[in-house]
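Just so you know, these numbers come straight off a predicted model, no measurement behind them. For the numbers below, each heavy atom of this structure counts, side chains included, while hydrogens, waters and symmetry mates do not. Along the sequence shown, residues are numbered consecutively beginning with 1.
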Amino acid sequence: MSGHGGVQVVGLAQLFAAFEGMATSLNYATRIATVQASHLLEREIKQQLSTSSHKKGTPTPSAPGDPPSLITGTLRRSISVKGPHPLGLGRWEAQIGPTAVYGRIQELGGVTGRGGATELPARPYVKPAFEKLAATGALTRLYHSAWRTALARH
C-alpha cells in the first residue's frame, strides 16, 4: 500500500446553494419581523399617549415622568413607522416616533419658550413603550418565531 489516501467531497455546490437559500430566507424573515415589531411598538407608544387626558386649556398636565396627557390627539396621531430599511444582510432598521414638532421635548424634557423662559420636565412615552415590550419578551418572540418559520422551510 502506498500511504496516499484522499478524500473526495461531493455535493458542495448543493450545500452552498442550500446555505444561500437559508440566508435569503432568514434575511426576509428578519425584514418581516422588523415590520411587525415596528408596528407593535407604534401601537404601544400610542397606548402610552392614551393613559391620561384633559380638555384643551385646562391646567392639568400629567406628572413629570409620566407620558403627556392627551389633549387634541395630535402627538398620538403623529406616531408613525418609517421603514424598514436594509443595513446589510440580515440587518434591518425602522424608525418609530412622532412627527409633531413638540414630540421630542415631551419625551426628553428641556428648555423652551422665548428666551428659554420655560423648562418642561421629561414626560417619556417612547422609551417606556420600548422597555415594556422588551421586558415582556414580545420583541424577541417576534424575531424568534420568524426565524424558526424560515428555517423550517429548509
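The heavy-atom pair separating Pro67 from Gln48 by the smallest distance is CB-O, 3.2 Å. Nearest heavy atoms, Ala100 versus Ser78: N-OG, 3.2 Å.
Put simply, CD on Gln47 and NZ on Lys132 are 6.5 Å apart, with the number rounded to the nearest 0.5 Å. Taking CZ of Arg43 as the start and OG of Ser38 as the end, the distance is 10.5 Å to the nearest 0.5 Å. In this structure, Trp147 CH2 and Thr30 OG1 are separated by 5.5 Å, a value rounded to the nearest 0.5 Å. With rounding to the nearest 0.5 angstrom, the CD atom of Gln106 is 6.0 Å from the CZ atom of Arg123. Rounded to the nearest 0.5 Å, atoms OG (Ser25) and CZ (Arg153) are 6.5 Å apart. The distance from the CD atom of Glu20 to the CG atom of Leu15 is 11.5 Å, given to the nearest 0.5 Å.
Side-chain N/O atoms of Thr34 and Arg31 include no donor and acceptor closer than 3.5 Å. Side-chain polar atoms of Ser69 and Ser52 form a donor-acceptor pair below 3.5 angstrom.
Under the 4.5 Å side-chain contact rule for hydrophobic residues, Phe19 and Leu12 share a cluster. Note on Ile32 and Leu151: separate hydrophobic clusters, where clusters join Ile, Leu, Val, Met, Phe, Trp and Tyr whose side-chain heavy atoms are under 4.5 Å apart, directly or indirectly. There is a path of hydrophobic side-chain contacts, each under 4.5 Å, that joins Phe16 to Met22.
Using modelled atom types, no side-chain atom of Ser145 and backbone atom of Arg141 make a donor-acceptor pair closer than 3.5 Å.
Looking at Val111 and Thr118, their side chains never come closer than 4.5 Å, going by heavy atoms from C-beta outward. In this structure the side chain of Ser53 never reaches within 4.5 angstrom of the side chain of Ile71, judged on heavy atoms. Looking at heavy atoms from C-beta onward, Arg104 lies out of side-chain contact with Pro98 at the 4.5 angstrom threshold.
The side chain to side chain donor-acceptor pair (under 3.5 Å) contacts involving residues 83-96 comprise Asn27-Trp92, where partners must be two or more places apart or lie in separate chains.
Summarising the hydrophobic clusters (Ile, Leu, Val, Met, Phe, Trp, Tyr; side-chain heavy atoms under 4.5 Å, direct or chained), the residues clustered with Leu133 are Leu40, Leu41, Ile45, Leu49, Leu75, Ile79, Val81, Ile96, Val101, Tyr102, Ile105, Leu120, Tyr125, Val126, Phe130, Leu139, Leu142.
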